[in-house]
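Numbered from 1 within each chain, the chains take letters A, B, ... in sequence-line order.
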2 protein chains.
Amino acid sequence: MARAPAERGELIPVLGEIFREHGYEGASLSVIGERTGLGKGSLYHFFPGGKAQMAAEVLDEVGAWFEANLYRPLRQEPDPRRAVGLMRQACLDYFRSGRRVCLVGAFALDNVRDRFAAAIRGYFIGWIEALTQALQRGGLEAAVAQNLAEGAVADIQGALVLSRALDDPSLFVRSLGRIEAGLLGAMEAR
Amino acid sequence: MARAPAERGELIPVLGEIFREHGYEGASLSVIGERTGLGKGSLYHFFPGGKAQMAAEVLDEVGAWFEANLYRPLRQEPDPRRAVGLMRQACLDYFRSGRRVCLVGAFALDNVRDRFAAAIRGYFIGWIEALTQALQRGGLEAAVAQNLAEGAVADIQGALVLSRALDDPSLFVRSLGRIEAGLLGAMEAR
DNA sequence: TCTTGACTTTACCGATCGGTACAGTCATCT
DNA sequence: AGATGACTGTACCGATCGGTAAAGTCAAGA
């Protein structure tokens, strides 16, 4: 960043990136101040609740993005095969082909999970439900669709872990292809 | 812990649990001291390299456990179907049916990844290679086996993330069943 | 009995943590 | 021009961070 943002709203994505890179505990106020170009005074003016409020708003924003760009298309796209394709593309974009980590997943593994349990839970529940709906529209039975959806979401999270562990973004891209193929195949088999 | 361990070796698993629960940055020396029952003096007597050495030795121990209880059986068990079953059971045991997080996966998402990159990479490479070998013994072509192995390891990591996010260990148990079935099915289809 | 050395206890170090207080700054409105 | 209020810079708070130093404890060996 290195310069002050025009609006408070522009601050949230920057904070998101900081939490993604450093984790909650690792994102110290000095790091945040440095990256946002804002002193503590300004930060506490915008976020009287301090770091916890910053993280909460970032989680909200992430949740809203996924709702608008992933869950809603999954629920509304009439062609379920196309819906799954949209999900794949949205993931590729959002996670920068595996170079970007899932903030919510990282928080889930961290000991801050308890503090943001509701937001974390809502993020994944929303994803699984939306994907389940799409799969049901593809002719799959509710229980089967739910199981497949859980597996696919878990697989995406795992692919992010693994591609970061091996420092190999292509693994994430490949994984997404395999996951999409698996879902399409299941719907194909009716 | 609450009491001093008889041997230094008994310290490592305790440290592992601490890092699993608090992450690297969250595992402060005061937390470590409290849980191990050891003061800073003792800790630095055993680990002159401080927290970094503790984490490194924990990673080594975890790596050794997986080598002995997962990778080696995967490579050596003559019946590949049984090998996959052993992997499932070992994961259920080690990850306490999803109640326990994968330390290496958590480190991979954390910003300490770079510091322990080699150990993290080795852990996952070893797992993927061993599983790939088992799948090849099951009649699968090298490239196919490698792809399936990557996917299975990622899926396990993702199941850990998801079951912790939803606070639902049963999701991990179910996922492991699905993963095993997928691998067995692929070998079945030759 | 005296010595040795592994281990522990305690006090301390400078740095940094999240957070607070408050005096400025500065564009906008009256 | 004067007042308002959003925003910022800076100094500071007590607590805690990772790490060091050194005196003290104590069982085993000579």
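For A/R88 and A/D93, the salt-bridge test fails: no basic side-chain N is under 4.0 Å from an acidic carboxylate O.
Rounded to an integer number of Å, the gap from B/Y44 OH to D/dT20 P is 6 Å. If you measure from atom CG of B/L29 to atom C1' of D/dG19, you get 8 Å, rounded to the nearest angstrom. Rounded to whole Å, atom C1' of C/dT16 lies 12 Å from atom CD of B/E25. Across the protein-nucleic acid pair, B/L43 atom CG and D/dC17 atom P stand 13 Å apart, rounded to whole Å. In this structure, A/E34 places its CD atom 12 Å from P of C/dT16, rounding to the nearest Å. For A/L38 and D/dT8, the CG to C1' distance is 8 Å, given to the nearest whole Å. Straight-line distance from the CZ atom of B/F47 to the C1' atom of C/dT8: 15 Å, rounded to whole Å. Between A/F19 atom CZ and C/dG18 atom C1' there is a gap of 12 Å when expressed in whole angstrom units.
The base of D/dG9 has none of its N or O atoms less than 3.5 Å from a complementary donor or acceptor on the side chain of A/K40.
Without hydrogens or angle criteria, B/T36 side chain to B/I32 main chain gives a donor-acceptor distance under 3.5 Å. A donor-acceptor pair is defined here as one N or O able to donate and one able to accept, closer than 3.5 Å; such a pair exists between the side chain of A/E77 and the backbone of A/D79.
Note on B/F46: only backbone sugar-phosphate atoms sit closer than 4.0 angstrom, heavy atoms only; bases stay farther off. Residue contacts shown for B/S42 include a base, since a base heavy atom lies under 4.0 Å away.
Here CH2 of B/W127 is found 13.5 Å from CD of B/E150. Values are rounded to the nearest 0.5 Å. Distance check: A/R96 CZ to A/F172 CZ gives 12.0 Å after rounding to the nearest 0.5 Å.
Comparing the end axes of the helix from C/dT1-D/dA30 to C/dT30-D/dA1, each fitted to five base pairs by superposing C1' atoms of four pairs onto the next four, gives an inter-axis angle of 10° (nearest 10 degrees).
For A/S30 and C/dC17, the shortest distance from a side-chain N or O to OP1 or OP2 is below 4.0 Å. In terms of phosphate contacts, A/S28 brings no side-chain nitrogen or oxygen within less than 4.0 Å of OP1 or OP2 of C/dT16.
Relative orientation of the A/F95 and A/F66 rings is tilted, given thresholds of 30° and 60° on the angle between their planes.
Applying the side chain to side chain donor-acceptor pair (under 3.5 Å) test to every pair with at least one member in residues 101-113 of chain A, sequence neighbours left out, gives these pairs: A/E25-A/N111.
Around CZ of B/R178, the count of heavy atoms belonging to other residues, nucleotides or ligands within 6.0 Å exceeds 12.
Using a 3.5 Å distance cut-off with no hydrogens or angles, the side chains of A/E129 and A/Q133 do not pair a donor with an acceptor.
Within residues 50-59 of chain B, no residue approaches DNA chain C, by heavy-atom distance under 4.0 Å.
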